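Read through the structure below, which is laid out as structure tokens, and then see the notes.
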Amino acid sequence: MTKVYTGASMSLDGYISGPGESGFDKLFKWYGNGDVTVRTTHPELTFRLTEVSATHWRRLVRETGALVVGRKLFDLTDGWGGNHPMGVPVVVVTHAVPDGWPRDGAPFHFVTEGVEAAVALARELAGDGNVGVNAGTIAQQCLDAGLLDEVGIDLVPVLLGGGTPFFTDLEGAPYELEGPVSLAEGTDVTHLRYRVRPA
């Protein structure tokens with residue numbers, strides 16, 4: 001059965017970005033601190049992971065069949081040049097389809113009816129794979145809608161002191177999580193997964 005999960009690199013004080021969209025060099029340091037080369041669908045985006053983090057990343061890619069992202073991330077990455085680094089279909093939640101999209105051959109789908117419709121489409125596209133939803137607003141909406149099965153945290157030993165929290169202003173809080181259902185200690189990161197306990 002398809003699982004819907006979210007995941008993010010997060011500081012010890014709970015932030016997925018620092019003040020003014022800063023701190024990414026600290027949060028993503030673990031993508032380049034090892035000696036295992038991990039290629040993505042983008043030749044210019046190659047990770048140098050530790051063996052533990054490489055195993056974590058490869059499992060994630062192997063099990064993921066589709067992604068759901070918000071318009072902000074899509075715009076910030078310029079649509080990943082037409083192909084997400086994980087090489088899977090991407091459903092973009094947006095109020096309006098951006099100019100020039102959709103494009104022939106680019107596996108991007110645009111949904112204007114909200115996260116429920118986006119996750120439903122992503123489940124279809126994922127086949128037997130899982131659906132990943134990006135952190136922040138989209139993950140929060142999925143959690144409040146009862147659509148989220150698992151939360152992954154790549155916990156980084158840094159205190160950002162402010163910024164964008166992983167979750168904030170949850171309508172149905174408190175939510176209880178089970179686990180961790182898996183734990184892997186990398187270098188400068190601890191990979192954790194928690195199951196969302198059904199209401």
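No experiment lies behind these values; they were computed from the predicted model shown.
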Task: Main-chain N/O of Ser53 paired with Arg58 side-chain donor or acceptor, under 3.5 Å - done: no

Open item on the list: Let me confirm one number: the CG-CD1 distance from Leu192 to Ile153, rounded to the nearest 0.5 Å.
Closed with: 6.5 Å

- [ ] Start with the C-alpha distance between Phe167 and Val151, add both sets of side-chain angles, then the distance that settles side-chain contact (heavy atoms from CB on, under 4.5 Å), and finish with yes or no.
- [x] CA-CA 11 Å; Phe167 290 98; Val151 175; 4.1 Å; yes

Open item on the list: Let me confirm one number: the CG-OG distance from Leu160 to Ser22, rounded to the nearest 0.5 Å.
Closed with: 6.5 Å

Task: Residue pair Val38, Thr46: steps toward the side-chain contact (heavy atoms from CB on, under 4.5 Å) verdict - done: CA-CA 6 Å; Val38 177; Thr46 298; 6.0 Å; no

- [ ] State, yes or no, whether a side-chain contact exists between Val156 and Ser11 at a heavy-atom distance under 4.5 Å.
- [x] no

- [ ] Describe, in one word, how the ring planes of Tyr31 and Phe28 are oriented to each other, choosing from parallel (under 30°), tilted (30 to 60°) and perpendicular (over 60°).
- [x] perpendicular

Task: Over all atoms of both residues, closest heavy-atom pair of Ala66 and Ala122 - done: CB-O, 3.5 Å

- [ ] Could you grab the distance from atom OG1 of Thr55 to atom CG of Leu60, nearest 0.5 Å is fine?
- [x] 12.5 Å

TODO: Please determine if Asp149 and Lys3 form a salt bridge, counting it only when a charged side-chain N lies under 4.0 Å from a carboxylate O.
DONE: no

Open item on the list: Can you tell me how far apart CD1 (Ile138) and CG (Leu148) are? Round to the nearest 0.5 Å.
Closed with: 12.0 Å

Task: Ionic contact status for Lys29 with Asp25, cut-off 4.0 Å - done: no

Open item on the list: Using only atom types and a distance under 3.5 Å, with no angle test, would you say the side chain of Thr94 pairs donor to acceptor with the backbone of Val97?
Closed with: no

Open item on the list: Testing the basics here: between Ala135 and Phe166, what is the closest heavy-atom pair and its distance to 0.1 Å?
Closed with: CB-CE2, 3.5 Å

TODO: Ignoring hydrogens and angles, tell me if any N or O in the side chain of Asp188 forms a donor-acceptor pair with the backbone of Trp30 under 3.5 Å.
DONE: no

TODO: Compute the centroid of each ring, for Phe108 and then for Phe74, and state whether the two points are separated by less than 6.0 Å.
DONE: yes

Open item on the list: On a heavy-atom basis, which atom in Gly161 and which in Asp13 lie closest, and how many Å separate them?
Closed with: N-OD2, 2.7 Å

Open item on the list: For the backbone of Thr187 and the side chain of Asn33, can you confirm whether one donor and one acceptor N or O come within less than 3.5 Å of each other?
Closed with: yes

Task: Check: Thr64 side chain, Val61 main-chain N or O, donor-acceptor pair, under 3.5 Å - done: no

Task: Basic-acidic side-chain contact under 4.0 Å: Arg39, Glu44 - done: no

TODO: Compute the centroid of each ring, for Trp101 and then for His109, and state whether the two points are separated by less than 6.0 Å.
DONE: no

Task: Spatial distance of atom CG (Asn130) from atom OG1 (Thr2) [nearest 0.5 Å] - done: 6.5 Å

TODO: Could you tell me whether the side chain of Thr41 and the main chain of His84 form a donor-acceptor pair under 3.5 Å?
DONE: yes

Open item on the list: Please determine whether salt bridge (charged side-chain N to carboxylate O under 4.0 Å, His left out) holds for the pair Arg197 and Glu178, giving the CA-CA distance in whole Å, both sets of side-chain angles, and the decisive distance to 0.1 Å.
Closed with: CA-CA 6 Å; Arg197 185 171 294 168; Glu178 299 172 351; 3.2 Å; yes

Task: Shortest non-hydrogen contact from Pro98 toward Arg71 - done: CB-NH2, 3.3 Å

Open item on the list: As an exercise, state the distance from CG of Leu67 to CE of Met86, rounded to the nearest 0.5 Å.
Closed with: 5.5 Å

Task: Glu185 atom CD, neighbour heavy-atom count above 12 within 6.0 Å - done: no

- [ ] Mind running side-chain contact (heavy atoms from CB on, under 4.5 Å) on Val36 and Arg48 for me, showing each step along the way?
- [x] CA-CA 5 Å; Val36 179; Arg48 301 281 301 168; over 6 Å; no

Task: Over all atoms of both residues, closest heavy-atom pair of Asn134 and Val69 - done: OD1-CA, 2.6 Å

Task: From CA spacing to verdict: side-chain contact (heavy atoms from CB on, under 4.5 Å), Asp144, Gln140 - done: CA-CA 6 Å; Asp144 281 332; Gln140 180 174 316; 4.1 Å; yes

- [ ] Indicate whether any N or O donor in one side chain lies under 3.5 Å from an N or O acceptor in the other, for Ser182 and Arg193.
- [x] yes

Open item on the list: Quick check: is Val4 connected to Val181 through a chain of hydrophobic side chains (ILVMFWY, heavy atoms under 4.5 Å apart)?
Closed with: no

- [ ] Answer yes or no: is there a donor N or O on one side and an acceptor on the other, between the side chain of Thr6 and the main chain of Val133, under 3.5 Å?
- [x] yes

Task: Heavy-atom closest contact (Pro85 atom, Thr40 atom, distance) - done: O-CB, 3.5 Å

TODO: Give a yes-or-no answer on whether the side chains of Thr112 and His95 include a donor-acceptor pair shorter than 3.5 Å.
DONE: no

